[in-house]
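Note that this is a predicted model, so its numbers are computed, not measured.
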Amino acid sequence: MRISLLVLILLYGLAAFAVGQDSPELILSETKIGSQPDGFGGETPVVTGEVFNHGVDAYRNINITVEAYSADEALIGEGFGFLVDACGTALLDHALLPGAVGAFSAPFELFEEGAVASVRLNIDAEPEAPNWPAKLDTPAVRLIARSEVVMLEWLDEETLIYGVGCEGAVFTELDWWRYDVADHALSEIEHPDAAKLTAEMIERSDAALITQSGEQNPALFYGSRMTFPPDARRIVYQNDLHTIFSAEPDGSFKRLIHDKLHQHSLRGFIWARNSGVFLAYYYGSYGEPVHYFTADVAGKMLMGRLEELRPSLTAPGPADDGLAAVVGWRQDDMSGYFLKYAFGGSELLFEAELPGNNYPAPIVAEDIIYVIRPVEGVSTLQCFDRKTRDLATVTVLPLRLTPEARAWSWLSPGGSRLALALNGTEGGLWSVDLAGACAP
């Protein structure tokens, strides 16, 4: 049995209200009309907002139809929409659980001339029994937020900030929050480096430069992944040809770090625990091998160029000095984690079932290496001691990764806690207490 809900949006107030006597189980809020690129260089109108499920059933196959009307009630446009994730990707098979909120996007086409006076939305959905995530019975893991968390920075051992939004977006496009470990307090903030991203700084850095023509295209900046390191002065970013540069915070004194990367898709920078050392890693989609290189913000390549390094099956984790990285390889009938050294040579750490490239990269903390991987089908945090060669399980984790989702982890400066983030429909942020677990 499907349910339907009719909603009217009046353009002069952009107010949305449900039509009918009974309170609907799916409630629309934050509804507004805007525009988005249509794929042909133009713009198309779109209705966006949120759907809240306040019923007892989950709802799958949520379809939203749009009808646009003129002031004289003539139908002049129609469209169709779905629930979407933070990047605007349609969630075609997602079940909205009771109490959950999902964003929607419904583009529509105008086929008659005239101003749009009102828009009617019709929601069609299939109820089903909710499939609740299994509760994690471990005191070491604490839930901080239920959002698509894609960036995080530790300010100190007791404080972190995190960004919510679309993976790959420049940090200023995310919604930022501050979390205090001691009292578990959350507060919405602006990123501390946001004010540094002036138009002059972006132009000076050439992050928005069209290399072939020499013209500026502001849209290119949003694909630059410009990053302010947590403990170093110079910034790091890519240009339109995916060449990696560093520069001073005002965009001046650029240094080329790595070029000829146009055929690779940058997925992010992983910062080592030494100041200014990073690992850049690349892959196109789930299941593909991960290419990478390590360098520092001064422009020095540390492990050689990307094309010289054997790809990893997992996201690699850099050593403190960037002269080695923990990678996942498969050799003959064995798979496991290896420590790949600069300029040749590698060391098998331990044999293991390897996770996909969407799992967090290993974290190297001196002689202790933290890995997150599936153990008997359950996401698990483990630590490996390079001195004793012991592999120990720290705790199971609340990660239910799909091929469309990604997870990340960050070790606190003093090593007492691990922050774990996940995007997608089951996104969130957790704090993992490492007390007594393979302390470095």
### Message
Could you walk me through whether Arg310 and Lys340 satisfy the side-chain contact (heavy atoms from CB on, under 4.5 Å) test, starting with their C-alpha distance in whole Å, then the side-chain angles of each, then the deciding distance to 0.1 Å, before giving a yes or no?
### Response
CA-CA 9 Å; Arg310 176 183 171 183; Lys340 171 68 177 70; 5.8 Å; no
### Val51 vs Leu96, side-chain contact (heavy atoms from CB on, under 4.5 Å): CA-CA, chis, key distance, verdict
CA-CA 9 Å; Val51 180; Leu96 191 66; 4.0 Å; yes
### Task
Would you check, one step at a time, whether the test side-chain contact (heavy atoms from CB on, under 4.5 Å) holds for Ser379 with Tyr359?
CA-CA 9 Å; Ser379 296; Tyr359 267 73; 3.0 Å; yes
### Task
Kindly determine whether Leu160 and Glu153 satisfy side-chain contact (heavy atoms from CB on, under 4.5 Å), including the steps that lead there.
CA-CA 6 Å; Leu160 59 82; Glu153 299 173 22; over 6 Å; no
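Of all non-hydrogen atoms in Ala272 and Ala319, the two that sit nearest each other are CB-O, 3.4 Å. Heavy-atom minimum distance, Ile235 versus Pro229: CA-CD, 4.0 Å. Shown here for Arg225 and Glu167, the closest heavy-atom pair between the two residues is NH2-OE2, 4.4 Å.
Put simply, the side chain of Thr393 never gets that close to the backbone of Thr380: no donor and acceptor are under 3.5 Å apart. The backbone N or O of Ala421 lies less than 3.5 Å from no partner atom in the side chain of Arg406, so there is not a single donor-acceptor pair. A donor-acceptor distance shorter than 3.5 angstrom exists from the side chain of Ser312 to the backbone of Thr314, with no hydrogens or angles considered. Under the 3.5 Å distance criterion, the side-chain polar atoms of Arg142 are left unmatched by any main-chain donor or acceptor of Ser431. In this structure a side-chain-to-backbone donor-acceptor pair under 3.5 Å is missing from Arg273 to Ala365. Between the side chain of Asp321 and the main chain of Leu323, a donor-acceptor pair closer than 3.5 Å is present. Using modelled atom types, no side-chain atom of Asn53 and backbone atom of Gly99 make a donor-acceptor pair closer than 3.5 Å. Within the 3.5 Å criterion, the main-chain N or O of Leu420 finds no donor-acceptor partner in the side chain of Ser409. With Glu148 contributing its side chain and Ala86 its backbone, the two residues share a donor-acceptor pair below 3.5 Å. With Trp154 contributing its side chain and Trp410 its backbone, the two residues share a donor-acceptor pair below 3.5 Å.
For residues 143-186, every residue pair satisfying the disulfide (SG to SG under 2.5 Å) rule, not counting sequence neighbours, is listed here: Cys87-Cys166. Judged as a side chain to side chain donor-acceptor pair (under 3.5 Å), the pairs with a partner in residues 413-424 (not counting sequence neighbours) are, in order, Glu157-Ser416, Glu158-Arg417.
Not counting sequence neighbours, the partners of Phe171 by the ring pair (Phe, Tyr, Trp, His ring centres under 6.0 Å) test are His191, Phe228.
Both tests hold for Arg267 against Tyr283: distance to the six-membered ring centre under 6.0 Å, angle to the ring axis within 45°. Both cation-pi conditions hold for Arg120 and Tyr69: the charged atom is under 6.0 angstrom from the six-membered ring centre and inside a 45 degree cone around its axis.
Between Val181 and Thr159 the shortest side-chain heavy-atom distance does not fall below 4.5 Å.
Looking at Tyr286 and Glu288, their side chains never bring a donor and an acceptor atom within 3.5 Å of each other. Side chains of Thr138 and Thr395: a donor on one and an acceptor on the other come within 3.5 Å. A donor atom on one side chain and an acceptor atom on the other are found under 3.5 Å apart for Tyr341 and Glu347. Side-chain atoms of Tyr282 and His242 include no donor-acceptor pair closer than 3.5 Å.
Salt bridge Arg373/Glu353: absent, no basic N to carboxylate O contact under 4.0 Å. Using a 4.0 Å cut-off between a side-chain N of Lys or Arg and a carboxylate O of Asp or Glu, Glu126 and Arg60 do not qualify as a salt bridge.
By the 6.0 Å contact criterion, CD on Glu128 is enclosed, its count of non-hydrogen atoms from other residues, nucleotides or ligands being greater than 12. Under a cut-off of 6.0 angstrom, the local environment of CZ in Phe269 is crowded, with over 12 non-hydrogen atoms contributed by other residues, nucleotides or ligands.
Phe350 and Tyr337 have their aromatic ring centers within a separation under 6.0 angstrom.
Annotation: the span from Leu434 atom CG to Leu411 atom CG amounts to 6.5 Å, rounded to 0.5 Å.
Below 30°, between 30° and 60°, or above 60°: for Phe338 and Trp329 the angle between ring planes is between 30° and 60°, a tilted geometry.
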